[in-house]
Amino acid sequence: MMGYMGQLGQLMGVGMFIWAIFPRWFHDQFSGHVEKYVHKLIGYFYPYIQISFHEYNSDSFARSKAYAAIERYLSANSSSLAKRLKANVVKDCESVVLSMDDYEEVTDEYNGVKIWWTSSKTIPQQQSLFSYRDNSEKRDEGKAIAVRTRQRKLYTNNKSDEWHGYMRTTWSHIIFDHPSTFDTLAMDPKKKEEILNDLLTFSKSKDYYKKVGKSWKRGYLLYGPPGTGKSSMIAAMANLLEYDIYDLELASVKDNTDLRKLLIETSSKSIIVIEDIDCSLDLTGQRKEKQEHVKREDTNPIRQMEKMNKKKGSEVTLSGLLNFIDGLWSACGSERLVVFTTNHIEKLDPALIRRGRMDKHIEMSYCCFETFKVLARNYLDVKSHELFATIGRLLGETNMTPADVVECLTLKSDEEDVEICLKKLIKSLEDAKEEARLKVVEGEDNGDQKLQECDESSESESSDSED
Ligand SMILES: Nc1ncnc2c1ncn2[C@@H]1O[C@H](COP(=O)(O)OP(=O)(O)OP(=O)(O)O)[C@@H](O)[C@H]1O
Ligand SMILES: [Mg+2]
């Protein structure tokens, strides 16, 4: 007996030695086969089907739509079934959305079919698993819930310097909750109507874009002086179509490859925005660069910023950006608006804004009487007033941005009323008019002076007169 035990002990020892020496070999060679046969064996007795949904699609960086739909479905239905729940505060702390916690399991019944939902974080990073049977109707229901509870997002690629590697090229987001709408946006009513129709038509034109062989996207260029409502217009567009916004800061994008990665990560039903495109990068001067070797030290802040960007290492080029807008890669994803804003349309490279890329050019201009009427209605609840005529006349005589008008129409204390605000605006308009007049006079004076200087210098140094 002792001898037998001794032999068995020796055999086990050898077995354990081999197991210890070649664990990887054993693993590679056998684990696949063992797993296969174990699953086969379980299959004979186990009557259920297991389906896994990974949070991230394996063939792209995008989040799986099915996963998101199930997540929403469970968030609406699991709260009464699960014991452990996760709480997310949404809509500016107005409400709490409960959803199933990680590793929790709930049993659910759908059309007589019993379903077990489990979530897990154990399989590859950031991925979760749901197991269930019968999915299509659930997904539809998930979509419907998505429409009801969807929180739109404002994404940014502007990361602090600590972000490296893959994380450098990802978006981070906050909930988008901007109150601007086409009702609150003050601009020429005809122009507003036209833009509104353009956007609504776009959002319903899936089949049309397919028919004509174009990817389903549209470019808008918003241009005009600061404070005329370009950013407000973008927010209104997003609110109208219920799109997410991707606010792309070009200066934070390292190179064209990173730009493409960011593009791939954007979802459909979104607006990709590049604000102040003329200041973003040295995209404006690239074609002219050779002719424009500036001799003197450049004091222009825009140029200085461009130089700083170069130093920081942003190597996005005009062609990289053009590819971003309408290269082959831009066709991944659909139903997207690309919006550029600028204060200086004349500085942009024509290639960047030609129709087809920036399909619609929208000028946001100084406040006219029609614009003022919308602002007065929104801010003071007045549709007409005896002071309107004076304001209308003054608006025709001087340039004032809607942002400045808004400032006058905003009630600052309980003592202020409609009349006080309108009088403030009139005073402000008169001051602006006077200021403009003085500038012209000064300009004329300076002009005369320059002419004189010119005349004097041309007499002595005729060769410099052209500068
Ligand atoms: N057309 C407008 N309709 C309603 N409000 C406006 C309009 N234009 C400006 N405003 C008001 O002025 C503020 C600034 O406007 P906004 O940020 O949209 O201007 P912008 O054109 O984007 O300026 P910038 O070129 O400096 O980015 C807004 O928050 C809004 O209150
Ligand atoms: Mg703006």
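Atoms within each ligand, like the ligands themselves, are counted from 1 in listed order.
Here the heavy atom of the protein found nearest to atom 7 (C) of ligand 1 is P402 CB, 3.5 Å. Given atom 14 (C) of ligand 1, the protein heavy atom at minimum distance is A403 CB, 4.2 Å. Counting only heavy atoms of the protein, atom 28 (C) of ligand 1 lies nearest to S232 OG, 3.7 Å. Shortest contact from atom 17 (O) of ligand 1 to any protein heavy atom: S231 CB, 3.8 Å.
Evaluated by nearest non-hydrogen atom to atom 21 (O) of ligand 1, the leading choice among K230, M187, E407, M233 is K230.
Residue G229 places at least one N or O, backbone or side chain, under 3.5 Å from an N or O of ligand 1. Backbone and side-chain nitrogen or oxygen atoms of T371 are examined, and none is located within less than 3.5 angstrom of a nitrogen or oxygen of ligand 1. Of the N or O atoms in G227, one or more lie within a sub-3.5 Å distance of an N or O in ligand 1. No N or O atom of E275 sits closer than 3.5 Å to an N or O atom of ligand 1. For A186, a nitrogen or oxygen atom sits less than 3.5 Å from a nitrogen or oxygen atom of ligand 1, counting backbone and side chain alike.
When atom types are taken as modelled, the side chain of K433 and the backbone of E397 share no donor-acceptor pair closer than 3.5 angstrom. Between the side chain of D244 and the backbone N or O of R152, no donor-acceptor pair lies under 3.5 Å.
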Does the pair E434 and R437 meet the rule for a salt bridge (charged side-chain N to carboxylate O under 4.0 Å, His left out), with working shown? CA-CA 5 Å; E434 181 60 13; R437 192 186 65 81; 2.8 Å; yes
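Minimum heavy-atom separation, D183 to V374: O-CG1, 3.8 Å.
Looking at L241 and E335, their side chains never come closer than 4.5 Å, going by heavy atoms from C-beta outward. Side-chain contact check for L422 versus F388: some heavy-atom pair is nearer than 4.5 Å.
One side chain, Y246 or S267, offers a donor N or O that lies under 3.5 Å from an acceptor on the other. A donor atom on one side chain and an acceptor atom on the other are not found under 3.5 Å apart for N157 and S252.
The shortest heavy-atom distance from Y379 to ligand 1 is under 4.0 Å. By the 4.0 Å heavy-atom criterion, L375 is counted among the residues contacting ligand 1.
Ring-plane geometry between W216 and F202 is classed as tilted, the angle between the planes lying from 30 to 60 degrees on a 0 to 90 degree scale.
Atoms of ligand 1 lying under 4.0 Å from any heavy atom of N343, numbered from 1 in the order shown and given with element: 25 (O).
Not one N, O or S atom of S232 sits under 2.8 Å from the Mg ion (ligand 2).
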